[in-house]
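What follows is one structure encoded as structure tokens, with my remarks underneath.
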Amino acid sequence: MFSVPPNFYANCGGVIVKLSKLNCARTFFLTVRNNVDDYCPNLMRGIDYLKNPQFNKGLAFTMQERQALGIQGLLAANYKTLEEQLAICQFSVDRYKDPLNKYLYLTELQDNNERLFYELLATDVQKFLPIVYTPIVGLACQRFGLVYRRPRGLFITIQDKGRVASVLRNWPTTNVRAIVVTDGERILGLGDLGAYGMGIPVGKLTLYTALAGVPPAYCLPITLDVGTNTQNLLEDPMYIGLRRKRVRGEEYDSLIEEFMQACVKRYGQDVLIQFEDFALANATRLLAKYQKHYCTFNDDIQGTASVIVAGIIAATRITKRKISDNVYLFLGAGSAGVGIANLIVDAMAEEGTQTAEARKKIYLFDVDGFLSTKRKEAIPVHATHLAKDMEPTKNFEKFVGQVKATCLVGVSTVGGTFTPTILKQMAKNIDRPMIFALSNPTIKSECTAQAAYDNTEGRCIYASGSPFPPVNYNGKKYLTGQGNNSYVYPGIALGVLASRAHHAPDPLFLTAAKVLASNVTDDDLKLGRIYPSLGDIKCLSIKIAAGVMENIYKLNLASLYPKPKDSYQFVLDYIYDSSYKCYTPQFHEYPADTGIKVKTIKEMIDMYKAKNKKK
Ligand SMILES: NC(=O)C1=CN([C@@H]2O[C@H](COP(=O)(O)OP(=O)(O)OC[C@H]3O[C@@H](n4cnc5c(N)ncnc54)[C@H](OP(=O)(O)O)[C@@H]3O)[C@@H](O)[C@H]2O)C=CC1
Ligand SMILES: CC(=O)C(=O)O
Ligand SMILES: [Mg+2]
């Protein structure tokens with residue numbers, strides 16, 4: 001007969017339980033099993049609970065937990081609720097005036113107490129997203145030598161060729177399901193930042209959890225360090241990467257090949273590999289090479305396309321024009337530009353427009369001017385199908401009027417290129433011109449939101465890659481949307497992971513676009529926004545994931561069977577819960593003494609502020 005001594009405490013798998021009754025023993029085994037699934041913890045003791053960001057709760061550890069876990073005395077006596085901790089965190093972030101210091105504060109919080117970090121982001125996504133993501137993450141990447149303190153993410157260098165699998169084995173968790181990888185060559189619109197690019201996969205995966213609830217333990221940021229061609233980085237004493245010029249050609253390709261194989265060998269065929277911020281020459285080529293053989297996508301090509309097509313679909317409710325009734329003009333014919341153009345063609349096909357006809361409505365410029373078959377400079381291979389048999393020109397400004405563009409898409413990496421003249425011409429072309437100024441970070445935006453409204457008599461439908469403050473035009477306030485792939489890639493990834501899909505093809509991105517567009521409310525549109533409020537982004541990501549999941553099953557790409565009856569509920573059950581777990585579920589004897597009785601986080605912040613002022 002199984003029995004447990006009264007008041008027997010067990011520490012197993014990171015869970016402390018009091019085993020005084022049989023049902024306690026059952027709870028014990030269940031809790032241990034769940035915890036192992038979540039975190040794969042080692043047998044932990046004492047101070048490990050404070051050092052491990054997955055388990056740490058800081059002063060929120062109750063007295064019972066402190067006693068049971070052996071951390072009594074390692075913490076100050078006061079007990080703080082999660083809400084009190086959140087108030088302190090918000091107060092602390094607000095005290096920093098320099099955005100990079102805000103970024104550093106949040107990074108340190110993430111390194112110390114992961115759940116508090118994600119709970120904090122959830123209190124105000126609109127406020128925290130620009131810090132952990134664009135535009136501030138761009139600044140963090142530029143100064144990454146200063147920012148880099150504690151390892152977060154894995155560096156695989158060209159010198160590791162032949163040993164990539166063994167480097168991958170050094171990553172401490174075995175249940176990785178999603179990798180975001182960069183080689184740092186096109187970091188936002190900031191160019192080649194080499195190993196400093198690590199801020200991007202870290203930031204992108206932070207959004208997997210913050211915006212879509214993918215468990216952080218499933219996420220692995222990777223930078224492939226193949227050198228950098230940016231001279232001032234090679235000379236920067238703080239630089240953290242290999243001091244050598246970029247490796248190209250066969251040597252580069254064989255590293256990527258080895259990397260892809262090693263990921264699958266270690267984490268399985270369905271590990272999701274998201275390519276991020278690769279330069280044009282590699283981005284489309286690698287996507288074409290791996291798309292059908294791995295569970296992979298390129299966010300700059302496919303994720304961006306999805307979010308912009310969503311905006312265009314939503315805008316049809318304002319313009320009353322079909323997608324195929326527009327003339328699209330792109331400044332930038334790189335990964336993002338051609339990715340968006342291709343998905344617009346797919347979206348037009350769903351309206352019944354033939355591919356050849358659809359392509360006729362799309363014009364692109366790159367650094368050498370209009371993509372004309374007659375120009376002397378070569379057309380990039382990935383864009384030849386979109387080149388036109390028209391006279392070459394480098395005069396973008398004139399071209400806007402020449403083709404009567406109704407939708408302008410900026411993906412050029414060059415700030416301010418949508419000049420007032422161009423914007424005024426757009427207002428002449430059509431009553432409600434669409435202006436997408438997508439280059440990141442903010443300084444690279446082709447035009448500001450205010451400039452777009454000012455130069456189109458307030459008639460434009462505008463979205464930008466990085467956020468802009470509300471616009472005032474003629475006494476009316478407009479909230480412009482953020483046309484950023486962050487609206488979709490976390491939800492798409494969640495759907496792919498939940499269904500254990502083995503590929504992530506283009507149709508999933510069109511599905512996500514439709515789900516996103518259908519969540520834009522009439523109130524959003526009235527405010528001038530063609531994307532939903534970021535306040536509901538997690539809920540939105542779950543809807544996107546559920547929609548994507550349905551399509552994955554339709555396309556026969558899932559490896560989770562039987563198919564869940566209710567995809568939405570399945571995804572909901574799958575996601576990460578960032579609230580604090582109780583490590584001593586059987587104790588209820590000692591109520592927490594928080595010392596101060598206040599109700600809301602805002603009240604607490606006001607109180608801290610008042611106290612601070614007095615001093
Ligand atoms: N909002 C969002 O969600 C996203 C935004 N972006 C942003 O879009 C920008 C472009 O990204 P991506 O497409 O991946 O980058 P690429 O490097 O692949 O493409 C950049 C394109 O811009 C062209 N270009 C550069 N300078 C000029 C110029 N002065 N005039 C006209 N065209 C020019 C390049 O031409 P050439 O090749 O001839 O040099 C190339 O066609 C980046 O700033 C990035 O941050 C990217 C993805 C998502
Ligand atoms: C948003 C994004 O992916 C980029 O600017 O590259
Ligand atoms: Mg990107």
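Each ligand, and each atom within it, is numbered from 1 in the order the structure gives. Heavy-atom basis, side chains included; hydrogens, waters and symmetry copies ignored.
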At under 4.0 Å between heavy atoms, what of Asp300 touches ligand 2? The answer is side chain
For Val411 and ligand 1, answer yes if some heavy atom of the residue is under 4.0 Å from a ligand atom, otherwise no. yes
Where does Ile200 meet ligand 2, judged by heavy-atom distances below 4.0 Å: at the side chain, the backbone, both, or neither? neither
Would you say ligand 1 has an N or O under 3.5 Å from any N or O of Gly465? no
Going by the order shown, which atoms of ligand 2 are within less than 4.0 Å of some heavy atom of Asn440? 1 (C), 4 (C), 5 (O)
Evaluate Asn485 for polar contact with ligand 1, using N/O atom pairs at a separation under 3.5 Å. yes
Decide, counting backbone as well as side-chain atoms, whether Asp277 has an N, O or S atom less than 2.8 Å from the Mg ion (ligand 3). yes
Which of the atoms of ligand 1 are close to Asp300, meaning less than 4.0 Å from one of its heavy atoms? 47 (C)
Which atoms of ligand 2 have any heavy atom of Tyr133 under 4.0 Å away? 1 (C)
Hey, does Phe365 come in under 3.5 Å of ligand 1, counting only N/O atoms on both sides? no
Any atoms of ligand 1 less than 4.0 Å from a non-hydrogen atom of Leu280? List them with their elements. 18 (O), 37 (O)
For Ser439, the ligand 1 atoms whose distance to one of its heavy atoms is below 4.0 Å: 7 (C), 8 (O), 9 (C), 43 (O)
Per-atom contacts of ligand 1 with Thr413, taking only distances under 4.0 Å to non-hydrogen atoms: 9 (C), 10 (C), 42 (C), 43 (O)
If you take the nearest heavy atom of each of Ser466, Ser412, Ser445, which one is closest to atom 26 (N) of ligand 1? Ser412
May I ask whether Arg186 places a heavy atom under 4.0 Å from ligand 1? yes
